[in-house]
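Take a look at the structure below.
When a ligand or atom number is given, it counts from 1 through the structure's own listing order. Quick caveat: nothing in here was measured; it's all calculated off a predicted structure. The figures that follow rest on heavy atoms only: side chains count, while hydrogens, waters and symmetry mates do not.
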Amino acid sequence: MNNEDHMSSAAPHTGQMFRIQRLSALEILDSRGRPTVQATCLLADGCDGTASIPSGASTGAAEALELRDGDPRRFRGLGCRQAVAHVNDTLDRALSGQAFPTQAALDQALRQLDGTANKARLGANAILPVSLAFARAASRRQGRPLHDYFAELRGTRSPTLPRPAINLFSGGKHAGSQSPLQDVLVVPVTARTMAEALAMIFEVYQCAAELCAKQYGMRLLRADEGGLAPPFASAGAMLDDAVAAIRAAGFKAGEDVSLAVDVAATHFHQRDGYHLGPRVLDSHQMIDQLERWVERYPVVSVEDGLAEEDWEYWPRLRARLAGRALTVGDDLLCTNPARISRAIQIGAADTLLLKVNQIGTVTEALEACQLARSAGWRVTISARSGETEDDWLADLAVGWAGDQIKIGSITQSERLSKYNRLLEIQAATGWPLVPWPGRAKLDEL
Ligand code: PGA
Ligand code: ZN
């Protein structure tokens, strides 16, 4: 990226210490009404930061552990009182009074206190909210916006905002599994700013809602991330309807607005293959099917086209899509540096889907991001299907120069808090969206 401002190690904010005075946490509810954790980090000089974390439904097997109480009489076992207690007791006792020069030092201490590879002892839902609350407190102490704090962690400031990929239709685990394809998203490729992108998508969403009301004759029900979820006859019908909505909104499909899909194939993969439709597909046939979608529809990004353990076939998928669509790994990679390294070695993907709670600290997520970048990959920063109204994701996506951001639809406040924060950042900085490379350029990866 041209215009990048490399922050030198002589940056004015280095050399400070952040002394923790108190860590505390609270069980709050996410957008599905399930418990999650909000933590507050109070620094000794009086600056504080509060952050809450999201939770997935379509989760990868290699994700960091989300500690749930397991008491079936309370929130069907999903309570987070143990994770909250780990912040209020274990972490507060161990870390209060201690000074940390950097985010990395704090995150290292959190990992050591947990002592497991996947945060199984304290829970990623105890560790991550503290990591993020510290980031917010530290950015306040430095008197800088949170996105700038995240940019400094990366060492580079990119004066751009990520391009949004916005949920239009949902199936799979985010809706009633009426179609196995989890999400069809729209990418406003010609939009130059976040404000322009959202105005374009509003039109497409309204047209999609009208089209569905006509076609399916029903009041529209929304999926977890706000996508429309009528009873599609097939995955192909979702894509047909998405193209129809783009056209009805007066845009050229594939020129003004393109499509992205999150296939989330792990969740319909069984021993005998992929249960995408009436016929069970083997990995070869699944790749053929994905390629047909990319040929037939303006699909520029394919996430989790294959199952998370179908490693052998991922490089073939990437090779088949190269130059036409991004091959994005979510469940495959789980924001996990070890899995990303393996994928880089064998050429299994060209885009990292980054979800901070898959790995459990800010520093490890940054490591995953940098690793992907070092291989020339793109990075899509993503929310989860169970979100809170916290907006740190917007700052993180700007600070770490995400190419895309995936937050969900533009209909629910837990999503809009992030879109609206992006609008605030746009207004404060004047930064445009990252230019869209265009299909032809995708093969330069
Ligand atoms: P999740 O879904 O948050 O339910 O895992 C999001 C995605 O699959 O990208
Ligand atoms: Zn996904």
Side-chain angles (χ1 to χ4, degrees), residues 30-34 36 52-66 68 78 124-125 128 162 164-177 179-187 222-227 229 235 238 259-269 290 299 301-310 314 317 325-336 339-340 343 348-349 351-360 365 368 372 378-388 390 393 397 402-409 412 414-415 418:
D30 72 14
S31 53
R32 281 190 280 246
R34 298 178 188 167
T36 186
S52 58
I53 60 154
S55 174
S58 157
T59 48
E63 295 197 17
L65 185 108
E66 206 174 56
R68 299 287 184 176
L78 295 173
N125 49 345
L128 181 60
I166 299 176
N167 278 47
L168 192 63
F169 295 135
S170 290
K173 284 203 157 186
H174 289 173
S177 293
S179 157
L181 179 56
Q182 183 175 283
D183 299 295
V184 173
L185 306 99
V186 278
V187 186
R222 291 192 201 126
D224 286 353
E225 297 186 9
M238 285 172 91
L259 297 177
V261 289
D262 183 359
V263 184
T266 302
H267 304 286
F268 57 82
H269 182 254
L290 295 168
V299 171
S301 172
V302 177
E303 178 179 335
D304 282 348
L306 294 172
E308 63 196 353
E309 294 306 338
D310 205 357
W314 272 86
L317 172 64
L326 299 170
T327 303
V328 187
D330 172 12
D331 291 348
L332 174 77
L333 305 170
C334 280
T335 317
N336 182 312
R339 292 181 74 93
I340 297 166
T351 305
L352 167 68
L353 194 89
L354 186 145
K355 290 169 168 168
V356 184
N357 77 327
Q358 284 181 329
I359 187 74
R378 279 163 204 280
V379 178
T380 297
I381 312 266
S382 176
R384 301 304 306 248
S385 50
E387 270 292 336
T388 76
D390 198 339
L393 187 79
D403 296 288
Q404 276 95 240
I405 185 165
K406 217 181 82 162
I407 300 173
S409 195
Q412 300 172 178
E414 80 280 1
R415 316 279 148 198
K418 284 87 165 162

Exercise. Just distances here: any N/O of Ala383 and N/O of ligand 1 closer than 3.5 Å?
Worked result: no
Exercise. How many angstroms lie between CG in Asp224 and CG in Asp183, if you round to the nearest 0.5 Å?
Worked result: 9.5 Å
Exercise. Do Asp183 and ligand 1 have an N or O pair less than 3.5 Å apart?
Worked result: no
For this session: For Ala57, counting its heavy atoms only, list the atoms of ligand 1 lying under 4.0 Å from any of them.
Result: 1 (P), 4 (O), 5 (O)
For this session: Specify the protein heavy atom at minimum distance from atom 9 (O) of ligand 1: its residue, its atom name, and the distance to 0.1 Å.
Result: Lys406 NZ, 2.8 Å
For this session: Output yes when the distance from some N or O of ligand 1 to some N or O of Ser55 is under 3.5 Å, and no in every other case.
Result: no
Exercise. Looking at Arg32, Arg68, Arg34, which one forms a side chain to side chain donor-acceptor pair (under 3.5 Å) with Ser55?
Worked result: Arg68
For this session: Just go through Glu225, His267, Gln182 and tell me whose heavy atom is the nearest to atom 8 (O) of ligand 1.
Result: Gln182
Exercise. Around the Zn ion (ligand 2), what protein N, O or S atoms are found below 2.8 Å?
Worked result: Asp262 OD2, Glu303 OE2, Asp330 OD2
For this session: Examine Ser58 against ligand 1 and note whether any of their N/O atoms are separated by less than 3.5 Å.
Result: yes
Problem set entry | Polar atom proximity, Asp262 to ligand 1 (N or O, under 3.5 Å) | yes
Exercise. With a 4.0 Å cut-off, would you call Asp390 and Lys418 a salt bridge?
Worked result: no
Exercise. Given Gln358, Lys355, Arg384, which has its nearest heavy atom closest to atom 6 (C) of ligand 1?
Worked result: Lys355
Exercise. Can Arg384 and Glu63 be counted as an ion pair, charged N to O under 4.0 angstrom?
Worked result: yes
